Amino acid sequence: MGRAIAERLASEGPVVVLDRDAGLLEWASGRDGVTTVVGDAGDPAAADRAADAAEASAPLAGWVNNAALFRDAWLHDAAPGVVLEIVSANLGMAVTGCAAAVRRMLGDRRGGAIVNVSSHQAQRPVRGALAYATAKAAIEGLTRAAAVDYGPRGIRTNAVALGTIATARSDELIAARPEAADHLRRLHPLGRPGRPEEVAEVVAHLLSPAASFVNGAVIAIDGGRAVLGDDPEAA
């Protein structure tokens, strides 16, 4: 999904991609307009290196926080510290990215736009994903608070709340449990999971001048999953 976003944005100007796994950045090797930085998105020094790389081409205009850690933890058998560690890892990456972006955008006084990637789970958690859902809810709170704090300085902050998006991770799930494919279809009123390119288009719009009056919003990109209610006659 991050690759799809980067490729979409690279069609309009220089892009820097930050990832802790150098192997996941090989697709960008030799690609015009895409610079890669290896590092942890939760590390302020790595975020600053990414911002430095971006500003080597032009003032930083947009920032996307699309990092997540998927790890389940149950309150009844995991220590509170373990749960908080997962929450902090997910939330910390968004806070770190927002901080790096805001400081650069304030510095050149040109403003800019930030997009945080959230999930339908921020509002409707899936069982077993308590720490992840908690972190995503906090990221949506971070989005609204940053929009209020920095909107007056010309910095817009929005979020996208995703349903199931077809990625390598979902492919692995379906390969291990073929019945999951039908289940995922039924979860989405459009009858299918989303595509990374569909996410990338909305993110690009939120970063663009076309969304100049959109600030503090959480946009669902979920095919209607968040508004789907149980049909009492479905049985």
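Computed from a prediction, not measured in an experiment: that's the story for all the values here.
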field: Other cluster members, Val218 - Ile/Leu/Val/Met/Phe/Trp/Tyr, side-chain contacts below 4.5 Å
entry: none
Pairs touching residues 126-143 that satisfy side-chain hydrogen bond (donor to acceptor under 3.5 Å, both in side chains), sequence neighbours left out: Asn116-Thr143, Ser118-Glu140, Gln123-Glu140
Ignoring hydrogens and angles, write down the donor-acceptor pairs under 3.5 Å from the side chains of residues 22-49, residues two or more places apart or on other chains.
{"from": "Trp27", "atom 1": "NE1", "to": "Leu24", "atom 2": "O", "distance (Å)": "3.2"}
{"from": "Asp40", "atom 1": "OD1", "to": "Gly42", "atom 2": "N", "distance (Å)": "2.8"}
{"from": "Asp43", "atom 1": "OD1", "to": "Ala45", "atom 2": "N", "distance (Å)": "3.0"}
{"from": "Arg49", "atom 1": "NH2", "to": "Val38", "atom 2": "O", "distance (Å)": "3.0"}

- line: Residue pairs meeting salt bridge (charged side-chain N to carboxylate O under 4.0 Å, His left out), one or both in residues 51-74, sequence neighbours left out, come to Asp52-Arg104, Glu55-Arg104
- line: Residues pairing under salt bridge (charged side-chain N to carboxylate O under 4.0 Å, His left out) where one sits in residues 194-214, two or more places apart or in two chains, turn out to be Arg8-Glu201, Arg192-Glu198, Arg195-Glu198
field: Results of side chain to side chain contact (heavy atoms under 4.5 Å, CB included) for Val126 - residues two or more places apart only
entry: His120, Gln121, Arg225
query: When Ile, Leu, Val, Met, Phe, Trp and Tyr are grouped by side-chain heavy atoms lying under 4.5 Å apart, directly or through other members, which residues fall in the same group as Val227?
result: none
task: Using side-chain hydrogen bond (donor to acceptor under 3.5 Å, both in side chains) as the criterion, list what pairs up with Arg110, not counting sequence neighbours.
output: none
- prompt: Which atoms form the tightest heavy-atom contact between Ala73 and Val83, and what is the distance?
  reply: CB-CG2, 4.1 Å
For Arg109, all residues meeting salt bridge (Lys or Arg N to Asp or Glu O under 4.0 Å), sequence neighbours excluded: none
field: Residues forming a ring-ring contact (aromatic ring centres under 6.0 Å, His included) with Phe213, sequence neighbours excluded
entry: none
message: Suppose the criterion is ring-ring contact (aromatic ring centres under 6.0 Å, His included): which pairs have a residue in residues 170-207, not counting sequence neighbours?
response: none
message: Who clusters with Ile139? Use side-chain heavy atoms, under 4.5 angstrom, across I, L, V, M, F, W and Y, and order the result by chain and number.
response: Leu91, Val95, Leu142
field: side-chain contact (heavy atoms from CB on, under 4.5 Å) partner of Leu206, chosen from Thr157, Val64, Val160, Ile114
entry: Val160
